[in-house]
Amino acid sequence: MKAKMLTFTNQNSPVHRLTGATKLIVFAVWSVSAMITYDTRCLILMLLFSLVIFRISRVRFQDYAFVLYFILLFFLLNQLAIFIFSPLEGTRIYGTRHDLFHLAGRYTVTAEQLFYQFNIALKYAVVIPMALLFLLTTDPGEFASSLNRIGVHYKIAYSVSLALRYIPDIQRDYENIAFSAQARGIDISRKEKLPARLRNIVSILLPLILASIERISTAMELRGFGNGRKRTWYRGRPFTRSDYLALGMILAIAAGSTVVTFYDGSRFYSIF
Amino acid sequence: MSKVVIEFTDFSFTYRAQQEPTLRGITLSINEGEKVLIVGPSGSGKSTLAHCINGLIPFYYPGEMSGSLRIMGQEQSALSIAGLAEITGTVLQDPDGQFVGLTVGEDIAFVLENGAVPQLEMTERVEAAARAVDIHELLAASPQELSGGQKQKTMLAGVLVGNVDILLFDEPLASLDPYTGTKTIELIDRLQRETGKTAIIIEHRLEEVLHRPVDRIIVMKDGAIAGDLPAAELLSSSLLAEAGLREPLYLTALKYAGLVITPDMQPQHLDQLRMEGHADRLQQWMDSCAEEAEVLEPSPLLELKEVSFGYERDTEVLHRLSLTVNRGEMLAIAGRNGAGKSTVSKLICGIYRPSSGAILLNGRDISRDTIKERAEKIGFVTQNPNHMISKTLIYDEIALGLRLRGIPEDIIRGRVHEVLKVCGLHEFREWPVSALSYGQKKRVTIASILVLEPEVIILDEPTAGQDYRHYNEMMEFLRGLNSRGITVIMITHDMHLMLEYAQRTIVLADGKKLADDRPERILTDRAVVERANLKETSLFTLALKAGVGQPEELVRRFIAFDRRVRHR
């Protein structure tokens, strides 16, 4: 078995107890706010806030370690790319230039560029904990019902839950296929060129998936799915006070950060 | 007189896109509270009949109907599939494909959710249904954590929770091991008696279903009803043989001993079977067909020596397992799910490497050989042929392994044609794979392995989901290969297969070898049978009941005799 990553484990913290819909809304509003603002003060406050929430949720490091490393790697590449392609972006934005030291050719490290990239780093740091929390603390079974609650049609909401249900089965089928192919001497791991390899795998997997979709949809129809205009949810949870509280809080934060960011007419807060 | 719940009158059905009707002139009525078994070979129309009762026909599979079908007094065509779903609850043969919930509880609740039942009431009803099938401790478990039997229980609870009038089981035993199958039959029986609902079971594994009584049996053949009678009468008639179905083994044994089966002997269950005054006939027959067991000169081909393996560092799946496969042998490997059967085949093929121990082929350690090198000596055939087939044409599929090895095309042609003949596929060589039946596809996958000329082939459940005729065809084909000198290893739950075709059976339990012996000895050893989720063969039970000396010997002689009879 591969290491489990980003799977829901119930720790029963205040964050876990929020409904999936609340967490989805909070995550969406939070990310948008963090993307809009370049106000360092707002970002630092938001970071502190998200770390507190993260602490409250009691998620375990091993559940997200792999993904975190992956994101950090991506983050470093991103930072490097920004500097390589646009070394004077900070100067352009803040309108001043304080050279720190010269590297080579057109690459000079400026205080503005460092400050700009520091802000980018902060944005990552603000969004990542919330994204991880959303994935780690949302019960997939309950999530479909919350989507339905916030107005998504139940057929679409249920398809989310079905996808989660069948992904492990498809993985298992894939392993079987890979095993039998290898045992025949068909190398689907390295030597075969990637397009050919993909084509082979898809040509086996696709009919399997289609056949299993047909099986599932007959089984669902036999049990009355899609019949009524409404359905109820076994794992559904009503909105509680803490859901409204969380939503209120996120709206306040979003409004606050927007006001502070645009107060002086620019998205970029400057220390220069 | 109890109420008629299902009534077919001169009913016929033709699937759209088919010329010939699949059901022809069916007249059948089933009363409230009855327990009815419908048997028939593949293609006899028994599943189509089930689809008419649960409404998949015509709402999901359209076609032409004639005659009348009334369910609970209403014309079926006047009801909707949802209306029918409130009357009939269906348990399909594949518990994986119908498990839609992320957990047991959600799956049981599915029908209630769709009926917009309030959450509070739903929770109570799910709890009650789960309790009825004894799965209530696993309400939060995901399908990946469940065994086949537990999934089947969940399906059953999911049907019970809806308060339907009719319970319909479409091949409920198809994917279960013998022990779990028996437990399922007991559970269906208990629920049917407790709730008084009408139960309809569609199965071709007659002996297993008759483990608990049924009111009557309907025999389907070529889309029509060939018989509708109580079990005792059916078993005393020749209807089963005519329909290509297998009767319980203990009855075949009695017939060989010269007994005529009559309904008063209560042949439907071994416990009730009356054979006063006939018991010695069995002993006489056994003495008359004395025959030496064929003894193979063992010459080891493949050896596992003290092999240990674990997927994760601390948990071992196999513990110092040693086993030997002899040249020219047909060997069965049995054991319950998780006993390590498929891990053994993966180690032999080189997908994984043992953490300690050695694997020898022809006395040479193959630990350092790549998967590809081993594939030339050892072939592996998956249970589901669709997992192996990647080409559109049969010829290309079989030629694939050779082409990958860069063998010239004219040599490939010769070898592929030869293999096509051996596998009885020569006339289909120009066909697309998709036009073949399941059994034929399976042959294509075996052919695609044979063309590499391996010394040994490993087959995972070679006959799963096939009826008696197809089972026979497949196994005789494998025997044919075996007689050409290919060593055959079969990983299987099927006790008939083991008894009739394996010369030796190795039973694994918890990653260790539990038993290694002739199959008739394994299937008569209660301790082994229990730990491997198998079932004692009814031949043995019969031998004990008749007081035959050396009951194991009866089993062996029966199998040898039976093979000669069937191939005359």
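So you know, we letter chains A, B, ... as the sequences are listed, proteins then strands, and number each from 1.
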*Minimum heavy-atom distance A:F179-B:C349, with the two atoms named*: CE1-CB, 4.1 Å

*With respect to B:F110, which candidate in A:Y158, A:Y234, A:W233 satisfies the ring pair (Phe, Tyr, Trp, His ring centres under 6.0 Å) definition?*
A:Y158

*Given that the side chain runs from C-beta out, which part of A:S212 has a heavy atom under 4.5 Å from chain B: side chain, backbone, both or neither?*
neither

_Max heavy-atom pair count under 4.5 Å with chain B, selected residue of A:G228, A:A144, A:P168_ = A:P168

*Is the shortest heavy-atom distance from the side chain of A:D173 to the side chain of B:N384 under 4.5 Å?*
no

*Would you say B:E86 has more than 12 foreign heavy atoms packed within less than 6.0 Å of its CD?*
no

*Checking heavy atoms, do the side chain of B:P143, its backbone, both or neither come under 4.5 Å from chain A?*
side chain

_Minimum heavy-atom distance B:N114-A:G224, with the two atoms named_ = CB-O, 3.1 Å

*Looking at side-chain heavy atoms only, is the closest gap between A:R172 and B:D96 below 4.5 Å?*
yes

_Applying the side chain to side chain contact (heavy atoms under 4.5 Å, CB included) criterion to B:E113, which one of A:R223, A:R231, A:R235 satisfies it?_
A:R231

*What part of B:L84 gets closer than 4.5 Å to chain A, counting heavy atoms only: side chain, backbone, both or neither?*
neither

*Can a salt bridge be assigned to the pair B:D107 and A:R165 using a cut-off of 4.0 Å between side-chain N and carboxylate O?*
no

*asked:* If we ignore hydrogens and angles and just use 3.5 Å, is the side chain of A:T232 paired with the main-chain N or O of B:P118 as donor and acceptor?
replied: no

*B:I389 portion near chain A, given a 4.5 angstrom heavy-atom threshold*: backbone

_Counting only non-hydrogen atoms closer than 4.5 Å, does A:R229 touch chain B with its backbone (N, CA, C, O), its side chain (CB onward), both, or neither?_
neither

*Would you mind telling me which of B:N386, B:V381, B:I81 has the largest number of heavy-atom pairs within less than 4.5 Å of chain A?*
B:I81

*Ignoring hydrogens and angles, state whether a donor on the side chain of A:S217 or B:Y60 is under 3.5 Å from an acceptor on the partner side chain.*
yes

*Considering non-hydrogen atoms only, spot the tightest contact between A:N176 and B:T382 and give its length.*
O-CG2, 4.5 Å

*CA sep, side-chain torsions, deciding dist, call: A:L208, B:H387, side chain to side chain contact (heavy atoms under 4.5 Å, CB included)*: CA-CA 8 Å; A:L208 282 179; B:H387 284 173; 3.3 Å; yes

_Taking ring pair (Phe, Tyr, Trp, His ring centres under 6.0 Å) as the definition, give me every residue that meets it alongside A:Y166, ordered by chain and number, with sequence neighbours left out._
none

_Between CG on residue B:N54 and CD on residue A:E221, distance to nearest 0.5 Å_ = 10.5 Å

*asked:* With chain A as the partner, which of B:G101, B:G83, B:G55 has the greatest number of non-hydrogen pairs under 4.5 Å?
replied: B:G101

*asked:* I need the residue from A:I216, A:T218, A:L162, A:N227 with the largest number of non-hydrogen atom pairs under 4.5 Å to chain B.
replied: A:T218

*Give a yes or no on whether A:L206 atom CG has more than 12 heavy-atom contacts from other residues, nucleotides or ligands under 6.0 Å away.*
yes

Can you give each donor-acceptor pair under 3.5 Å made by side-chain atoms of residues 68-78 of chain A, sequence neighbours left out, with the distance rounded to 0.1 Å?
none

*Who wins among B:Q383, B:E397, B:E373 for the most heavy-atom pairs under 4.5 Å with chain A?*
B:E397

*Go through the atoms of B:Q144 and report whether side chain, backbone, both or neither lie under 4.5 Å from a heavy atom of chain A.*
side chain

*Can you say whether B:F99 sits under 4.5 Å from chain A via the side chain, the backbone, both, or neither, judging by heavy atoms?*
both

